[in-house]
2 protein chains.
Amino acid sequence: MKAAPEREVDRSVSQTVKAQLALRDQILSGALRPGERISELQAVEMTGASRTPVRMALVRLEEEGLLEAIPSGGFMVKAFSERDISDSIELRGTLEGLAARFAAERGVSARELEPLKECLAAIDELLRQVPISIEAFSSYVALNARFHALLTELSRSPPLIRQIDRASALPFASPSAFVMAQSALPEAQQILIIGQEHHRVVIDAIENREGARAEAVMREHARLAVRNLRLALRNRTHLDLLPALALIKTATD
Amino acid sequence: MKAAPEREVDRSVSQTVKAQLALRDQILSGALRPGERISELQAVEMTGASRTPVRMALVRLEEEGLLEAIPSGGFMVKAFSERDISDSIELRGTLEGLAARFAAERGVSARELEPLKECLAAIDELLRQVPISIEAFSSYVALNARFHALLTELSRSPPLIRQIDRASALPFASPSAFVMAQSALPEAQQILIIGQEHHRVVIDAIENREGARAEAVMREHARLAVRNLRLALRNRTHLDLLPALALIKTATD
DNA sequence: TGTATGCGCTATGTATACAATACCGGAGAA
DNA sequence: TTCTCCGGTATTGTATACATAGCGCATACA
């Protein structure tokens, strides 16, 4: 009796979740501009859900950081400065550095390290292409995100994992976002290779229980990302690949 | 008997906020035990609000980390292990370290540093008492929290400030909590003095634009807190001062 | 006596009605 | 012409009704 898909609405996913997804898409796609107020009625007709689940979705998006509560009531789309973005990336890098340190200091079995190494090898394989193809690049983005997620898990610290997830919720702070932005740069290939070296070193450090080294390399990894994001923002080419761009404040701010 | 005759409700604060406050008190006071499911109806009669604001409050408390969503629906009080707690403190320390680094690297005017120095001096004054009185101790807790909040602000990084606030939302991770726990230790006075020395050094480092030093000392500050919290948990004396204790898992976990 | 099935209850998810407030626009007076 | 006040409208906050799904208990049958 699991599937009764011919209903008016899909009961398998709650209206709240559907509304949250739909609204996030609208924000990231730029249909709702930063600073713009979102009225509940508007959100209702965008999502098809009723006001109650829409309100729940709005609250969750606020906690997620995409919306900002207006004191007098309601929500507006949050705007981010360029510095907000680089700070967010550095923030995530710092947290991931702590995760790497925890993993190294607390010890990780070879069994647990295996998926990371597979990920590493798969990326190595992709990077042999010169220049890298579009398909390979999008595979890279997925593998890179997986690598970061696995590394985070290795810390075995639920509070830390939770916080990293929250820090990555902002679209431009996710491991994928800056890679996308980098794709516009002529030095893209070299950057990917350097990033991969960081990945290799952090695994080595964790294996050898070098906590400080594991942490340092992850922080450096984030700084590389910050630098490249800045570069990519300077020469704004192919930035349409980065949906989060819709959230960046204009120069007038 | 709270509900019956009070026809007038306080309109200055929303029902959602009032429900959130009331429920948080119930959780922290231990009236709701970790792992226990909170039914909406139960929450309704505890808070006096209707289901809609209560649901909003529950969602916010979940985001805050005090509640956990049950897959089949509803919420339960979250339970924390001792390691969860020490990790949370170290997490906050890491974030505060980054804030101190930002403040140092980006420069802070003497004008901005003034409130921090006043805070420092006020704590110095308190610590001259040997042994410290109960009243002075509770003043210390307030001043210490203020110091940490001011330091966080100095980073001038909204994303970082936001994340630190979230990390401090868990009651045992707040700057005040571990100080409370320490009060049980015979070495309390010395610990407070060492902590104060950390405060002094971080200000000095920020003034001299020594980012790495500022960061290092804040992280050490957190490690001191972790160590002392562990000590305090070993000899469980006067731990009733720490409301968050209600959230710690029993030894069976 | 044990297990399985069905029924009923309760709790959650959703929708909507109602109330209060904030914002906007127009009109009148200084 | 501008400022202020008043009223209307629109939007949010709150309450509650309704539907549905999950859970437990009881009963019946093996």
Side-chain angles (χ1 to χ4, degrees), chain A residues 1-24 26-27 32-33 35-63 66-78, chain B residues 2-24 26-27 31-33 35-63 66-78:
Chain A
M1 299 306 180
K2 179 110 197 244
E6 297 307 314
R7 302 288 285 191
E8 289 182 11
V9 287
D10 182 8
R11 296 287 178 195
S12 64
V13 174
S14 74
Q15 295 294 92
T16 300
V17 171
K18 283 200 295 186
Q20 189 174 352
L21 260 36
L23 288 173
R24 183 162 35 210
Q26 294 286 312
I27 295 167
L32 298 165
R33 306 209 65 81
E36 187 176 343
R37 182 173 191 157
I38 293 187
S39 93
E40 286 184 7
L41 195 62
Q42 190 183 350
V44 160
E45 61 195 27
M46 280 195 295
T47 61
S50 78
R51 276 185 64 210
T52 303
V54 159
R55 279 180 69 83
M56 302 269 289
L58 290 172
V59 170
R60 294 200 127 97
L61 287 170
E62 183 208 353
E63 301 289 344
L66 255 41
L67 296 180
E68 198 172 348
I70 299 171
S72 66
F75 298 93
M76 53 179 278
V77 180
K78 206 160 172 179
Chain B
K2 184 164 171 89
E6 299 184 64
R7 200 55 263 165
E8 65 162 304
V9 286
D10 182 8
R11 294 290 178 197
S12 65
V13 173
S14 74
Q15 294 294 90
T16 299
V17 171
K18 283 200 293 185
Q20 189 175 352
L21 259 37
L23 289 173
R24 181 159 42 204
Q26 293 286 313
I27 295 168
L32 298 165
R33 306 206 66 82
E36 188 177 342
R37 183 173 188 156
I38 293 187
S39 95
E40 285 184 8
L41 194 62
Q42 189 183 350
V44 161
E45 61 195 27
M46 280 194 297
T47 62
S50 77
R51 277 186 62 210
T52 304
V54 159
R55 278 180 70 83
M56 303 269 288
L58 290 172
V59 170
R60 294 199 127 98
L61 288 170
E62 182 208 353
E63 302 287 346
L66 256 39
L67 296 180
E68 198 173 348
I70 299 172
S72 67
F75 299 93
M76 54 180 277
V77 180
K78 206 160 172 178

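Here is the naming used below: chain letters follow the sequence lines, and residue numbers restart at 1 for every chain.
Whole-Å rounding puts the B:Arg60 CZ to D:dG13 C1' distance at 13 Å. The CG-P distance, from B:Leu41 to C:dT12, rounds to 8 Å in whole Å. For the pair A:Gln15 CD and D:dT20 P, the computed distance is 13 Å after rounding to whole Å. Per the geometry, CD belonging to A:Glu45 stands 15 Å off P belonging to C:dT16, to the nearest Å. One atom, CD of A:Glu40, and another, P of C:dT16, lie 15 Å apart when rounded to the nearest Å. The CD1 atom of B:Ile70 sits 13 Å away from the C1' atom of D:dC23 (whole-angstrom rounding). Distance, A:Gln42 CD to D:dT11 P: 9 Å, rounded to whole Å.
Within residues 50-57 of chain A, the residues having any heavy atom closer than 4.0 Å to DNA chain C are, in order of number, A:Ser50, A:Arg51, A:Thr52, A:Pro53.
Between A:Ala57 and A:Leu23 the shortest heavy-atom distance is CB-CD1, 4.4 Å. Residues B:Val44 and B:Ala49 approach most closely at CG1-O, 3.3 Å, considering heavy atoms. Residue A:Arg37 comes nearest to A:Gly73 through the heavy atom pair NH2-O, 2.7 Å, listed as atom of the first residue, atom of the second, then distance.
The salt bridge (charged side-chain N to carboxylate O under 4.0 Å, His left out) analysis of residues 49-58 of chain A, with sequence neighbours excluded, yields the pairs A:Glu40-A:Arg51, A:Glu40-A:Arg55.
The shortest distance between side-chain heavy atoms of A:Gln42 and A:Glu36 falls below 4.5 Å.
Contacts of A:Leu58 with the nucleic acid, taken as non-hydrogen atoms under 4.0 Å apart, are absent.
A:Arg24 is linked by a salt bridge (Lys or Arg N to Asp or Glu O under 4.0 Å) to A:Glu64, counting only residues two or more places apart in sequence or in another chain.
At least one side-chain nitrogen or oxygen of B:Thr16 sits closer than 4.0 Å to the OP1 or OP2 atom of D:dT14.
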